[in-house]
Number of protein chains: 2
Amino acid sequence: MSRESHAPTSVQTITRTLEVDIVLGRLYPRERLVEEQLANRFETSRHVVRQALLELEIAGLVVREANKGATVCEYSAEEVNQLYQMRGIVEWQAAMLIPLPIDPAYHARLETICDEHAAAISASDMIRVVAANKEFHQVAYRLCGNHFLADVIDEMAKKSNLVRFTSSTDLVRLKQARDEHYQILAALKQNDNVALAEISVKHLQPSRLMYLEKRGHLA
Amino acid sequence: MSRESHAPTSVQTITRTLEVDIVLGRLYPRERLVEEQLANRFETSRHVVRQALLELEIAGLVVREANKGATVCEYSAEEVNQLYQMRGIVEWQAAMLIPLPIDPAYHARLETICDEHAAAISASDMIRVVAANKEFHQVAYRLCGNHFLADVIDEMAKKSNLVRFTSSTDLVRLKQARDEHYQILAALKQNDNVALAEISVKHLQPSRLMYLEKRGHLA
DNA sequence: TCCCCGAATACTGTTGACAATATTGTTGGC
DNA sequence: GCCAACAATATTGTCAACAGTATTCGGGGA
């Protein structure tokens with residue numbers, strides 16, 4: 001979010017770790033986040049935990065109530081639909097804006113990340129899967145050349161972590177995502193913005209549908 | 001940004017006030033924001049000021065460097081173009097998404113705000129102008145029914161305050177904006193999404209162009 | 001005169017303790 | 001046995017003092 005990532009202070013570490021906890025489903029929606037407990041866990045003072053929680057609140061991952069503390073945010077089915085609609089909008093636009101052809105160095109870079117993602121899936125190493133997935137999309141969407149747009153895409157992706165992993169640990173879904181990444185890469189190589197945009201938007205659907213299905217909110 | 005606005009604590013007050021200072025041009029880009037000075041000004045402790053500055057950093061209005069403090073953010077010409085491109089994207093989409101016709105109660109509501117905006121311009125009361133302008137756009141864009149989208153529009157509007165008011169205090173521009181608001185209202189009443197989107201995007205251009213002109217960066 | 005280096009200054013970053021508030025548990029009246 | 005008022009606990013919010021770091025200023029040497 002900030003323009004230049006200043007040296008990774010302890011605050012950053014905590015926010016990152018908590019985000020990972022949320023992604024991996026180690027933290028559930030509505031779960032309380034007590035400052036002192038977190039301070040013990042991260043072996044730091046409550047102050048830095050407080051800051052981390054504030055950042056997470058602004059990022060939309062936790063909700064804080066005055067004098068009551070922070071809890072992991074929970075989205076309603078309606079909000080999930082809105083979130084994915086928003087992601088569809090910004091990711092489509094970003095894909096269309098990427099000036100093609102791109103520097104071939106990015107082909108190699110993205111291919112490496114795709115391979116790492118695939119390897120992590122084979123190894124069932126969820127942490128690596130999540131990291132590689134995140135990096136792939138970040139690198140790809142930065143190509144649109146508009147950092148405000150890329151930042152918002154990132155922001156929305158973070159929010160959707162709240163709904164995603166509760167329903168997407170299964171192997172079938174992961175392999176599908178892996179294949180779609182290679183398709184995105186192919187569209188980039190073929191200099192086809194429209195195909196790129198279509199795959200990107202299509203790539204979003206499964207998580208949303210699985211979530212809504214689980215909650216019985218499919219229209 | 002947060003889902004529900006919790007009781008306006010002192011931190012909120014400070015961030016709001018500083019935002020207004022930026023909008024009205026009382027704070028310039030690159031101007032330093034010293035914690036202790038602000039603490040004196042707001043008659044509070046450095047601690048709450050710190051939190052406020054953190055929020056403003058995350059909102060992209062100030063930049064903080066470790067051990068060096070916070071300064072009002074400055075955007076390059078390139079970034080200004082990116083910012084307005086982003087605003088164009090999200091405001092266009094929001095306008096297209098508004099389900100028309102809307103409840104006529106909103107017609108009255110928006111008209112009231114338009115009139116207040118016009119009155120404030122006539123009175124040359126910049127604080128009221130800014131407030132009415134902000135409210136008009138907030139109310140209008142909430143109509144799109146997607147609060148993630150509306151939030152991002154808000155966020156981007158805040159950022160553009162950094163470039164806007166340095167160049168748009170002049171009466172001609174203000175009156176043009178006023179007229180465009182009434183045009184937006186008319187498009188809403190006529191249930192014309194496309195016209196609405198076109199006017200909304202057009203409404204963005206003058207500030208950007210004036211800024212770039214001043215800096216001699218017109219392509 | 002210019003440049004390097006150390007002291008003084010100004011500011012941010014961190015800590016621990018204390019105050020305010022919400023929640024939970026307990027007692028007494030009916 | 002049930003409810004209201006009160007006490008105890010848990011948790012967040014605020015504060016003032018201290019530590020750490022960057023910048024500025026002034027002196028000594030070439």
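Throughout, protein chains are lettered first and strands after them, A, B, ... in sequence-line order, and every chain is numbered starting at 1.
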Is the phosphate of [N] approached by [X] (side-chain N or O, under 4.0 Å from OP1 or OP2)?
X: Arg46(B); N: dA16(D); result: no
X: Arg50(A); N: dT12(D); result: no
X: Ser45(A); N: dT15(C); result: yes

Grab the [atom1]-[atom2] distance between [X] and [N] for me, whole Å please.
X: Phe42(B); N: dC15(D); atom1: CZ; atom2: P; answer: 15 Å
X: Glu43(B); N: dT14(D); atom1: CD; atom2: C1'; answer: 16 Å
X: Leu38(A); N: dT11(D); atom1: CG; atom2: C1'; answer: 12 Å
X: Glu35(A); N: dT11(D); atom1: CD; atom2: P; answer: 11 Å
X: Gln51(B); N: dC15(D); atom1: CD; atom2: P; answer: 11 Å
X: Leu33(A); N: dT11(D); atom1: CG; atom2: P; answer: 12 Å
X: Glu65(A); N: dT11(D); atom1: CD; atom2: P; answer: 16 Å
X: Lys68(A); N: dT24(C); atom1: NZ; atom2: C1'; answer: 13 Å

(request) Check each of Arg208(B), Glu155(B), Arg87(B) against Ser160(B) using the side chain to side chain donor-acceptor pair (under 3.5 Å) test, and report the only one that passes. (result) Arg87(B)
(message) Considering every strand and a 4.0 Å limit on heavy-atom distances, what is the contact class for Leu53(B): base, sugar-phosphate, or nothing?
(response)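 Touches nothing.
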(request) Quick one: list whatever passes salt bridge (charged side-chain N to carboxylate O under 4.0 Å, His left out) with Lys158(A), sequence neighbours left out. (result)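 Only Glu19(A) meet the salt bridge (charged side-chain N to carboxylate O under 4.0 Å, His left out) criterion with Lys158(A).
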(message) Between Val152(B) and Met86(B), is there a side-chain heavy-atom distance shorter than 4.5 Å?
(response) yes
(message) Is the ring pair Phe136(A)/His181(A) parallel, tilted or perpendicular, if the boundaries are 30 and 60 degrees?
(response) parallel
(message) With hydrogens left out and only the distance checked, is there a donor-acceptor pair under 3.5 Å joining His47(A)'s side chain and the base of dG13(D)?
(response)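 Counting by modelled atom types and ignoring angles, no donor-acceptor contact under 3.5 Å is found here.
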(message) Please evaluate residues His117(A) and His137(A) with respect to the criterion ring-ring contact (aromatic ring centres under 6.0 Å, His included), reporting the C-alpha separation (whole Å), side-chain torsions for both, the decisive distance (0.1 Å), and the verdict.
(response) CA-CA 11 Å; His117(A) 184 239; His137(A) 290 290; 8.3 Å; no
(request) Taking Glu35(A) for its side chain and Val49(A) for its backbone only, find out whether a donor-acceptor pair lies under 3.5 Å. (result)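 No; judged by distance alone, with no hydrogens or angles, the pair does not exist.
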(message) Need to verify one output field. Residue with the more 5' nearest nucleotide on DNA chain C, Thr44(A) or Asn67(A)?
(response) Thr44(A)
(message) How about CD on Glu36(B), more than 12 heavy atoms from neighbouring residues, nucleotides or ligands closer than 6.0 Å, or not?
(response) no
(request) Work out how much the helix from dT1(C)-dA30(D) to dC30(C)-dG1(D) bends between its end axes, five pairs an end, to the nearest 10 degrees. (result) 0°
